[in-house]
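So the structure is just underneath, and the comments pick up after that.
Just so you know, these numbers come straight off a predicted model, no measurement behind them.
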Amino acid sequence: MRLATWNVNSVTARLPRLLDWLRTTGPDVVCLQETKTATFPEAEVAELGYEVAAHGDGRWNGVALLSRVGLADVERGFAGQPGFPDPEARAIGATCGGVRVWSVYVPNGRTIDDPHYAYKLNWLAALRDALAPTLAAGTPLVVCGDFNVAPTDSDVWDPAAFVGSTHVTAEERAALVALLDLGLHDVVPEPMKGPNPFTYWDYRAGMFHKDMGMRIDLVYASKDLADRVGRAWIDREARKGKGPSDHAPIIVELTSG
DNA sequence: ATGACCGGTCGTACCGGA
């Protein structure tokens with residue numbers, strides 16, 4: 001099974017590129033984030049053979065799951081998901097090909113002194129609590145998406161540039177460790193070029209061309225699935241050219257289990 | 001060349017992204 005996750009930064013703006021990418025990449029299951037629409041282009045994606053489950057509430061956020069290996073038991077949001085003040089469209093789960101799949105878009109946090117930062121930490125803690133029963137039951141689980149946290153200093157282009165910023169704090173990283181402590185494994189993808197497994201590069205100032213990026217899009221898999229990972233890589237080709245998202249997709253090949 | 005912000009919005013600046 002070929003699984004992918006991609007923050008598309010507006011599925012409306014990215015639709016031609018998304019459709020081309022689906023045709024050439026041929027993923028079986030796709031987790032999307034930042035769809036930024038309440039009206040997902042389901043028909044266009046369905047033409048390529050995918051079932052669609054989308055969760056969007058307007059101009060911000062928005063997540064979706066695409067699958068051609070089944071899409072059952074869809075959940076929009078998770079139990080206990082915090083809001084700001086109301087829950088936002090940041091998580092969607094479904095069972096695809098025998099795997100419980102979640103696509104998540106973790107709150108940005110903005111700055112450390114902003115209420116959105118506490119919201120982000122609360123959100124990650126609540127996600128942990130919501131996933132615990134699935135892992136305890138031994139269900140194959142993968143949580144993919146834009147976590148808005150760089151797990152280590154090696155996951156940002158220059159740690160010194162991030163001192164005092166969100167995405168790299170001990171609290172945020174501890175929230176990721178708490179997820180791993182449930183029995184999840186960080187599937188680190190191959191960069192395909194250069195030493196850094198970055199998945200995001202700011203649009204500004206030629207950051208992509210200088211590989212000044214961050215690894216903030218993550219694939220967290222239960223052990224049985226992590227053991228089935230044949231290859232995982234970052235599709236940096238999708239970050240090139242005219243009209244890309246600022247994030248690149250991650251693609252994971254799972255051998256049959 | 002991968003080439004130097006972008007998407008969305010009751011907009012024609014500003015917010016959010018990270």
Taking CD from A/E237 and C1' from B/dG3, how many angstroms apart are they, rounded to a whole number? 15 Å

Starting at atom CZ of A/R17, determine the distance to atom P of B/dG7, rounded to an integer number of angstrom. 10 Å

5'-to-3' dot-bracket of DNA chain B (Watson-Crick, G-U; under 3.5 angstrom; crossing pairs as [ ]; | other strand): ....(((((...))))).

Are A/Y220 and A/H185 close enough that their ring centres sit under 6.0 Å apart? no

Within the 6.0 Å centroid threshold, strictly below: A/W157 and A/W201: no

Could you walk me through whether A/E42 and A/Y50 pass side-chain hydrogen bond (donor to acceptor under 3.5 Å, both in side chains), step by step? CA-CA 9 Å; A/E42 283 192 35; A/Y50 293 92; over 6 Å; no

Could you run down nucleotides 10-18 of chain B 5' to 3' and tag each one B, S or - for protein heavy-atom contact under 4.0 Å? -----BSBB

For residues 52-61 of chain A, which side-chain N or O atoms pair as donor and acceptor with protein atoms under 3.5 Å away, sequence neighbours left out?
from, atom 1, to, atom 2, distance (Å)
A/D57, OD2, A/A89, N, 3.2
A/N61, OD1, A/R90, NH2, 3.1

[M] and [N], which share atom name [atom1], separated by this distance in whole Å:
| N | M | atom1 | value |
| --- | --- | --- | --- |
| B/dA4 | B/dG8 | C1' | 23 Å |
| B/dG7 | B/dA18 | P | 14 Å |
| B/dC6 | B/dC10 | P | 22 Å |

Side chains of [X] and [Y]: do they bring a donor and an acceptor to under 3.5 Å?
| X | Y | result |
| --- | --- | --- |
| A/N108 | A/H116 | no |
| A/N9 | A/K36 | yes |
| A/E34 | A/S245 | no |
| A/Q33 | A/S103 | yes |

Tell me what A/G243 touches on the nucleic acid: a base, only sugar-phosphate, or nothing, going by heavy atoms under 4.0 Å. nothing

